[in-house]
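Just so we're on the same page: letters track the sequence lines, and every chain starts at 1.
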Number of protein chains: 2
Amino acid sequence: MSDLPAASYATSLPFLLSQVGARAGQLFAARLAPLGVSPRAFGVLSNLTGTSGRTQQQLADALGMHRNNMVGLIDEMEAAGWVRRHRSAQDRRAFEIRLTPAGAVLVDQVTALIPPMEAEIVGDLTPDDRHALVDLLVQVAATLQLDPGIHPHLRARSRSACAAPDSPASDSTDSRN
Amino acid sequence: MSDLPAASYATSLPFLLSQVGARAGQLFAARLAPLGVSPRAFGVLSNLTGTSGRTQQQLADALGMHRNNMVGLIDEMEAAGWVRRHRSAQDRRAFEIRLTPAGAVLVDQVTALIPPMEAEIVGDLTPDDRHALVDLLVQVAATLQLDPGIHPHLRARSRSACAAPDSPASDSTDSRN
DNA sequence: AAGTGATTGTCACCTTACATGACAATCACT
DNA sequence: AGTGATTGTCATGTAAGGTGACAATCACTT
């Protein structure tokens, strides 16, 4: 211990962002856990507020996840009483997922948890610094072609998440993750 | 589509950091993949440069991961020819993990990949903005009590990663996740 | 020197989560 | 009516991480 002068990667943006982001994600999940909500469930619920009655397929498309994985997620949320499945009148194959009052309350509860989480992350940063950080992150998010509010982990976990710019066809993927 | 004005969480620091960080992690892994290295393997290799001859337990402690998971990781890296196990003279239970020349070359290769990755993330940001972002992230990392160069995902995945500040004893964890 | 507990590396088992492919029901279109 | 596509669902396989136990070795005591 007390050995190397922190390798160069440790202060690089790719690692730093991944490191801090992973922690922020853990924090996010940990703060939501007492309410019994997973981050991805909250994503669905949040996407449901205001425009209730979207089908599972529409939700899956909006969040960038596969419809198969949406089934179990809706199951849990319906069991928790946050949403309900209603047969669509236009398309009797589809279910309209409607937010229940309890679900709306939950979204409000989670939303109320965000400011304290911000405080935990911001620490001693000045309001100006905080705003600058958010602004810079939004720019980086745009550079990385991220859709606002859509978390990359909802998509395929590690499957061709980022196409290499120079490598021709990196479909080998025999490597780990 | 073209529906809600991006929910408030989407521009919050917890989500934004997690979102951008997840993408950065995917990018990091994707760029390392052509070399056949996983991010965690690189973490071990990087920790080995300069102070070669650390035992698996020391490496596990340094990176915050469990020694059981280190076994397979060292297996892969030894099979790849990046490291070799040597019986420790002081402690014949332990293996000294020594970096091979090929392993040192690999670390250099990965290090050379970082600047292009930075460019992908930085985008059109000015050098001043980039430096400001790194500086702010370092401060946030310190606030979150992150050790430089140690990625949270090497530790327990989502198990009590962040102790709640207000909740007394959240070991219930009967909730999904 | 022998004994006791702790430590190191290893292995086997279990659980979880994700991806894949197939299926019945329904739609859109001919 | 018929054909292909779509929606939700389910069953399967696969990969990764966590847990507990084990032989070998160490550190310490008596």
Side-chain angles (χ1 to χ4, degrees), chain A residues 22 25-26 29 33 38-41 44 53-79 83-98 151-161 171 173-177, chain B residues 22 25-26 29 33 38-41 44 53-79 83-98 151-161 171 173-177:
Chain A
Q26 290 176 339
S38 66
R40 65 176 52 201
V44 174
R54 319 185 66 159
T55 68
Q56 297 183 197
Q57 179 69 45
Q58 288 173 332
L59 286 171
D61 287 343
L63 295 181
M65 55 186 295
H66 201 272
R67 60 182 180 280
N68 293 19
N69 301 337
M70 185 65 71
V71 178
L73 198 52
I74 300 291
D75 284 346
E76 297 177 13
M77 297 195 302
E78 195 172 24
V83 298
R84 282 199 60 186
R85 285 181 166 95
H86 295 270
R87 278 290 175 195
S88 171
Q90 295 81 10
D91 189 343
R92 294 188 52 188
R93 296 171 296 180
F95 285 118
E96 287 180 1
I97 309 301
R98 297 185 196 163
H151 199 289
H153 279 177
L154 294 179
R155 294 188 160 277
R157 194 52 167 260
S158 59
R159 184 61 58 92
S160 70
D171 71 78
T173 65
D174 59 353
S175 58
R176 207 62 30 227
N177 62 351
Chain B
Q26 290 176 339
S38 66
R40 65 176 51 201
V44 175
R54 320 185 65 159
T55 67
Q56 298 183 196
Q57 179 68 45
Q58 288 173 332
L59 286 171
D61 287 343
L63 295 181
M65 55 185 296
H66 201 273
R67 60 182 182 279
N68 293 19
N69 301 337
M70 186 65 72
V71 177
L73 198 52
I74 299 291
D75 284 346
E76 297 178 13
M77 298 195 301
E78 194 172 24
V83 298
R84 281 199 61 186
R85 286 182 167 94
H86 295 271
R87 278 289 174 195
S88 171
Q90 295 81 11
D91 189 343
R92 295 186 54 187
R93 295 171 298 179
F95 284 119
E96 287 179 1
I97 309 301
R98 297 185 197 163
H151 199 289
H153 278 177
L154 293 179
R155 293 186 161 277
R157 193 53 166 258
S158 58
R159 185 63 57 91
S160 69
D171 71 76
T173 65
D174 60 353
S175 59
R176 207 65 26 238
N177 64 342

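- Distance from the side chain of Asp91(A) is smallest to dT7(D) among dC11(C), dT7(D), dT7(C).
- Taking atom CG of Leu154(B) as the reference point, atom P of dG18(D) lies 11 Å away to the nearest angstrom.
- When the P atom of dG8(D) is taken as reference, atom CG of Leu73(A) falls 13 Å away, rounded to whole Å.
- Put simply, the side chain of Arg67(A) and the base of dT7(D) share no donor and acceptor less than 3.5 Å apart.
- The closest donor-acceptor contact from the side chain of Arg87(A) to the backbone of Arg92(A) lies under 3.5 Å.
- Rounded to a whole Å, the NE2 atom of His153(A) is 10 Å from the P atom of dC18(C).
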Less than 3.5 Å apart, which donor and acceptor atoms pair up between the side chains of residues 65-74 of chain A and the rest of the protein, not counting sequence neighbours?
| unit_1 | atom_1 | unit_2 | atom_2 | d |
| --- | --- | --- | --- | --- |
| His66(A) | ND1 | Asn68(A) | N | 3.1 |
| His66(A) | ND1 | Asn68(A) | OD1 | 3.2 |

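- Comparing His66(A) and Val71(B) by the nucleotide of DNA chain C whose heavy atom lies nearest to each, the residue mapping closer to the 5' end is Val71(B).
- As a whole-Å value, the separation of Arg40(B) CZ from dA16(D) P is 9 Å.
- At whole-Å resolution of the value, CE in Met70(B) and P in dG9(C) are 9 Å apart.
- Taking only distance into account, the side chain of Asp75(A) never meets the base of dG8(D) through a donor-acceptor pair shorter than 3.5 Å.
- Heavy-atom minimum distance, Gly53(A) versus Glu96(A): O-CG, 3.5 Å.
- Residue Phe95(A) places its side chain closer to dT9(D) than to any other of dA6(C), dT9(D), dG9(C).
- One atom, CD1 of Ile74(A), and another, P of dG8(D), lie 9 Å apart when rounded to the nearest Å.
- Distance CE (Met65(A)) to C1' (dT9(D)): 14 Å, rounded to an integer number of Å.
- Within the 4.0 angstrom heavy-atom criterion, no nucleotide atom of any strand lies near Arg87(A).
- Between His86(B) and Phe95(B), every side-chain heavy-atom pair lies at or beyond the 4.5 Å cut-off.
- Taking atom CG on Asn68(A) and atom C1' on dT7(D), their separation rounds to 11 Å, with Å as the unit.
- Under the Watson-Crick or G-U wobble criterion, with both distances below 3.5 Å, dC29(C) is paired with dG2(D).
- Here Gln56(B) reaches the OP1 or OP2 of dT10(C): one of its side-chain N or O atoms lies under 4.0 Å away.
- Other residues, nucleotides and ligands place more than 12 heavy atoms under 6.0 Å from the CZ atom of Arg85(B).
- Closest-nucleotide positions on DNA chain D for Arg92(B) and Asn69(B) were compared, and the one nearer the 5' end corresponds to Asn69(B).
- Closest to the side chain of Ala94(A), out of dG9(C), dT7(C), dG8(D), is dG8(D).
- In this structure, of dA5(D), dG17(D), dA6(C), it is dA6(C) that holds the atom nearest to the side chain of Arg93(B).
- Under the Watson-Crick and G-U wobble criteria, each requiring two contacts below 3.5 Å, nucleotide dT14(D) is paired to dA17(C).
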